[in-house]
Amino acid sequence: MRIRVTNSSVYNSIKKLIEKIFNLSSQKESSNILFSHNGQLHNYKKKFNDFQKNFYSKLVFSCFFLIGFCNLFPIITMISAAHDLLKTNINPNINITTRYGGKYDCNEISTGAVLLADVLPGLLMKFFISAFSNRISYLKKFMFIVITGSLSFLIVSQTSNSIKWLIFTGICCASVSTSVGELTFLSLTTLYPTNMSFFPYVIGSGTSGLLSSFFYAGLASYFSPKKAILYMLFVPFLMTIAYCLLPDHNSSLLKRSQYSALKLINSKEIDIEEKNLVPFETMGLYDKFKLTKPLLKYMIPLFIIFYSEYLINQGLYELLYFKDNNLIRDHSSQYRWYNVAFRTGVFISRLSLKIFPITFLPIFPILQILNFLILFSHIIYQFIPSISIVLVITFWEGLLGGGCYVNALNLVSIEIPKIYREFSIGVTTIADTIGIALAGFTALPLHNAICRFGM
């Protein structure tokens, strides 16, 4: 009897022990499940926050790329179309419209006239906007840019070549749109991290230079030049979408972005003591003018290289005519593809900034002047045997021009105190516009003199 009792008590004790063990394990299991759910929730929140940060960074990058792409489109399209717009004979099968005759197949008006219409109004607007930049909101400037850009495509595409004054009015609209856009958007890039704003903007503008000249050359070969220009109306619409999607620079998510500032030179941005500097908002016109003095080391190389390259583009391109060429026979087509080769060089040079930045800016204008002398000598003495060689030279010309532009502006964004960068980077671009304008004035008598020489 005792044994049975003992066995029963032992059995009950074991049973209770087993129940306790199972109850404890079930509690631990439920606790583990709870911790597991909490951990997963934390991971999901972290992933979502990371996604937001990366999304905002990529969105800003994409918006500035599209803005840079669209801003340069009007003026490059007009320059690429210059030879077609100056034709007095609108029959596409007849390409020779000469006043001088001779071997150069000269238009009555140099394409330098188109260049002047492309830059002079924009230059005046740059001076005005620079002086009163802090009084005009970015939204108002943007609306002005889109309206004038749209008008340029509409006016030029719907106007007969015989109505020259209206053609040049449309070209002036393109000039104002692109010039005000360049100053406005480059200033806007200073409010965002460099790698998310300045770098994609210059890549976008380089891409625009390439694709706008390429699109025009391709479309004008299959359609009329007027239709090719009309089809460019999608550009202002695309720019509007990009600007509307651009996040505010004070966005908290943007400030917490994982994208770090882009180091384009093998050092950090120069740390300049800014406590003792005069705030830009309190400066008058004379004080702002004094800020341009330290910018001259960037502006002078920009002026020289843009003067020499646009003297080549608008003074010599239309005279580099290979009559017996089997690759590109048409004179207007040769002019278009010179522009395509040039813009391809500009595009590649702007991509190279992150890989191979250059701080010695004078090398660019020196080599560009050499390009001018080679091509000018060929026009006089005709020693280059093939158009392919000229296309290579124009490609090299684009590499130099784009390289000088992007490296100069990059140095401004690094070396100038932050409180003055928004103003300084916009003012620096005035140098290239002055160089282009002077090239247009020089191209007119140069064109006439060479055409008379070739009679």
Side-chain angles (χ1 to χ4, degrees), residues 71-72 75 115-116 118-133 175 178-190 194 198 201-202 205-206 264-265 269-270 272 280 283 285-313 346 349-350 353 357-369 372 397-398 400-442:
N71 183 60
L72 206 61
I75 196 168
L115 183 65
L116 285 176
D118 246 342
V119 296
L120 281 182
L123 178 61
L124 296 176
M125 287 301 300
K126 276 190 175 182
F127 280 121
F128 176 80
I129 296 295
S130 297
F132 302 100
S133 58
S175 168
T178 298
S179 297
V180 174
E182 181 185 34
L183 190 148
T184 300
F185 298 132
L186 281 173
S187 297
L188 187 61
T189 63
T190 63
T194 305
F198 175 73
Y201 177 85
V202 296
S205 60
L264 298 176
I265 293 183
E269 289 189 5
I270 297 174
I272 301 175
F280 180 77
M283 286 185 167
L285 284 176
Y286 179 72
D287 294 323
K288 292 178 181 178
F289 178 77
K290 289 195 295 185
L291 289 178
T292 61
K293 186 175 180 180
L295 300 176
L296 291 178
K297 63 180 179 180
Y298 317 111
M299 297 176 71
I300 292 174
L302 277 176
F303 167 79
I304 296 173
I305 198 161
F306 273 83
Y307 171 75
S308 54
E309 81 177 40
Y310 276 91
L311 188 57
I312 294 172
N313 294 4
V346 172
S349 65
R350 294 192 178 187
L353 174 64
I358 298 173
T359 58
F360 185 66
L361 297 179
I363 189 65
F364 293 105
I366 292 171
L367 294 174
Q368 198 70 290
I369 292 172
F372 171 80
E397 175 202 351
L400 294 174
C404 185
Y405 178 84
V406 75
N407 280 282
L409 294 184
N410 177 54
L411 290 174
V412 172
S413 69
I414 292 174
E415 297 177 355
I416 299 299
K418 289 182 180 180
I419 61 173
Y420 299 147
R421 282 180 194 169
E422 186 177 358
F423 170 80
S424 298
I425 202 166
V427 169
T428 303
T429 63
I430 294 177
D432 62 70
T433 310
I434 295 175
I436 296 171
L438 187 58
F441 279 114
T442 311

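The model shown is predicted, which means the values in this text are computed figures rather than measured ones.
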**Study point:** Worked check of side chain to side chain contact (heavy atoms under 4.5 Å, CB included) between Leu186 and Phe198
**Key:** CA-CA 7 Å; Leu186 281 173; Phe198 175 73; 4.1 Å; yes
Review point. Does the pair Tyr405 and Ser349 meet the rule for a side chain to side chain donor-acceptor pair (under 3.5 Å), with working shown?
Key: CA-CA 9 Å; Tyr405 178 84; Ser349 65; over 6 Å; no
**Study point:** Tyr201 and Arg350: CA distance, side-chain angles, deciding distance, side chain to side chain contact (heavy atoms under 4.5 Å, CB included) verdict
**Key:** CA-CA 10 Å; Tyr201 177 85; Arg350 294 192 178 187; over 6 Å; no
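A donor-acceptor pair under 3.5 Å links the side-chain atoms of Asn407 to the main chain of Ile358, judged by distance alone. The closest donor-acceptor contact from the side chain of Gln368 to the backbone of Glu397 lies under 3.5 Å.
Under the 4.5 Å side-chain criterion, counting only non-hydrogen atoms from C-beta, Leu72 is in contact with Ile75.
The structure places CD1 of Ile430 at 6.5 Å from CD1 of Ile434, a figure rounded to the nearest 0.5 Å. For the atom pair CG (Asn71) and CG (Leu183), the distance works out to 10.5 Å, reported to the nearest 0.5 Å. With values rounded to the nearest 0.5 angstrom, Ile425 atom CD1 is found 10.5 Å from Leu411 atom CG. The CD1 atom of Ile414 sits 10.0 Å away from atom OG1 of Thr359, with the distance rounded to the nearest 0.5 Å. Atom OG in Ser308 sits 11.0 Å away from atom CD1 in Ile366 (nearest 0.5 Å).
Legend: residues meeting side chain to side chain donor-acceptor pair (under 3.5 Å) with Thr184, ordered by chain and number and at least two apart, are absent. Partners of Thr433 by side chain to side chain donor-acceptor pair (under 3.5 Å), not counting sequence neighbours, listed by chain and number: Lys126.
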Expected list for residues 291-305: side-chain donor-acceptor pairs under 3.5 angstrom, two or more places apart:
| residue | atom | partner | partner atom | Å |
| --- | --- | --- | --- | --- |
| Thr292 | OG1 | Phe289 | O | 2.5 |
| Tyr298 | OH | Glu415 | OE1 | 2.4 |

